[in-house]
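Notes follow once the structure below has been shown.
We use all heavy atoms of the structure for the numbers below, so side chains are in, but hydrogens, waters and symmetry mates are not. Residue numbers begin at 1 in each chain, while the letters A, B, ... track the order of the sequences.
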2 protein chains.
Amino acid sequence: MSARPAKPERHRLLRGLLEGDPFITDRELADRLGVSVQTVRLDRLELGIPEARERTRRVAEEATRKVRSVMTGEVIGELVHVSLGEEAISVLEPTADMAFRRTGIVRGHHIFAQANSLAVALVDAEVALTGAATVKFLHPVRAGDRLVARAQVTQRAGRRYRVNVVSQVAGKDVFRGEFVVFASGPAPGEAGSEGGKLHEDRP
Amino acid sequence: MSARPAKPERHRLLRGLLEGDPFITDRELADRLGVSVQTVRLDRLELGIPEARERTRRVAEEATRKVRSVMTGEVIGELVHVSLGEEAISVLEPTADMAFRRTGIVRGHHIFAQANSLAVALVDAEVALTGAATVKFLHPVRAGDRLVARAQVTQRAGRRYRVNVVSQVAGKDVFRGEFVVFASGPAPGEAGSEGGKLHEDRP
DNA sequence: CCACGTATTAGCATCTGCTGCTAATCCAGT
DNA sequence: ACTGGATTAGCAGCAGATGCTAATACGTGG
């Protein structure tokens, strides 16, 4: 019961500190843990923790990748099958980041995003915009679940597509949605040409 | 017309390179631009570009912040007014990241996310889950637009709320949606208690 | 009590990617 | 030919590391 925590305890503390702030330097760590810099180095070595510079770089890259995939990705989730104009399937494995911390239940808009992006990707056109959607969240989805979305074109009139999307976890329907998607030629043009509403596109 | 690009041209190239990869080092920059390391340093100085370490750190922090706000934020956008159980307003200024590069049109799920999270936040309960939604994208929204969403509870039966959300850009309706949200007591419980469908919560 | 092992600390050389400074060189314009 | 902007070179120094060696502290078993 020294003022100083024992080694294994210190190792947990170390991990904790770095969890909270990955940019923290050896010197600072040494101060906070009440040990020498050398000890911190040995600890990092034992725990296989890279140096601050490296950690920062990794965080930067991973976070960037994440932002890109969430914000910029063509399809949310992984496209596992496409038959343009007919049907498409994507798989998304929601992380804890996508869920409410308290309940672990995935936020609805991620499920919507998967379905919507899939519906849009399915349409065989330069540019496609979602005009409307009717969706039902049938059952909560938890972080770690394997979310499989299947989209099918059910109707087509000119540039207006009707796409049904069903998402499942372990074979059970958790989400169902109907999307109206408008396709545009190479010339995107402005909104509301015929049916009136439109909104999404595909790069 | 030397093989080497002129200074202003090189400056643009420099910006471009760093845009593509912010982690790139002075040495590498010098190689790619065909000049000496010193010149790169002078250029960075002129352009007010910080060193690679600093750039990496910034990217890491910003991206992390962004991911958090997109993935974990309670409300997508900034909550500017709430009257629990009645109405709420949030403002979102979509960045280029949220739009398709080709057209600059904001992806539908961001607009949906703003509306959905607002509807959920509006419900005065420990936990709230979206059960269903019917939405219409009336007009394209572009990166840089100021997207104002207004949610109103239009009906309430027990723990079942009906929430209307209208989003505007410069006073013009661009999105309209109707959300069915289920509120739960302190004990979240499992899904489908009465009305059948539910799905979102609030931390 | 002493010896051995583990943990901790210290010190030093070295590396990378920078800053800050001074000095040399090149090259074009008048 | 001279001046001035652009470029290059070289060097000292810093921060935050690594890798290595050595000294010290603190048990615990013999």
Roughly how far, to the nearest 0.5 Å, is [atom2] of [Y] from [atom1] of [X]?
X	Y	atom1	atom2	value
A:R146	A:Q168	CZ	CD	12.0 Å
B:L14	B:T39	CG	OG1	11.0 Å
B:N116	B:I76	CG	CD1	9.0 Å

Q | salt bridge (charged side-chain N to carboxylate O under 4.0 Å, His left out) partners of B:R57, counting only residues at least two apart | A | B:E54, B:E61
Kindly say whether [Y] contributes a backbone atom to a donor-acceptor pair with the side chain of [X] at under 3.5 angstrom?
X	Y	value
B:R142	B:T103	yes
B:T154	B:R162	yes
B:R55	B:P50	yes
B:E46	B:H11	no

(Q) Using a 4.0 Å cut-off on heavy atoms, which residues in residues 15-22 of chain B reach DNA chain D? List them by number, or say none. (A) none
Q. Got a sec, which residues hit side-chain hydrogen bond (donor to acceptor under 3.5 Å, both in side chains) with A:S83, two or more places apart in sequence or on another chain?
A. A:E86
(Q) B:D26: which residues meet the side-chain hydrogen bond (donor to acceptor under 3.5 Å, both in side chains) condition with it, sequence neighbours left out? (A) B:R44
Q.
If the cut-off is 4.0 Å, is B:R10 near the phosphate of D:dA6, judged by side-chain N/O to OP1 or OP2?
A. no
Q. With respect to the phosphate group of C:dT8, does any side-chain polar atom (N or O) of A:T39 fall under 4.0 Å of OP1 or OP2?
A. no
Q. To 10°, what angle do the rotation axes through the five end pairs on each side of the helix from C:dC1-D:dG30 to C:dT30-D:dA1 form?
A. 10°
In whole Å, I'd like the distance from the [atom1] atom of [X] to the [atom2] atom of [N].
X	N	atom1	atom2	answer
A:L14	C:dT8	CG	P	12 Å
B:L42	C:dA23	CG	C1'	14 Å
A:Q38	D:dC20	CD	C1'	12 Å
A:E54	C:dT16	CD	P	15 Å

Q: Hey, can you tell me if B:F112 and A:F112 have their rings parallel, tilted or perpendicular (30° and 60° cut-offs)?
A: parallel
All N/O pairs under 3.5 Å across the protein-nucleotides 16-18 of chain D interface:
| residue | atom | partner | partner atom | Å |
| --- | --- | --- | --- | --- |
| D:dG16 | O4' | A:R53 | NH1 | 2.7 |
| D:dG16 | N2 | A:R53 | NH2 | 3.4 |
| D:dG16 | N3 | A:R53 | NH2 | 3.3 |
| D:dA17 | OP1 | A:A52 | N | 3.3 |
| D:dA17 | OP2 | A:T25 | OG1 | 2.6 |
| D:dA17 | OP2 | A:D26 | N | 3.0 |
| D:dT18 | OP1 | A:R44 | NH1 | 3.2 |
| D:dT18 | OP1 | A:R44 | NH2 | 3.3 |
| D:dT18 | OP2 | A:R44 | NH2 | 2.7 |

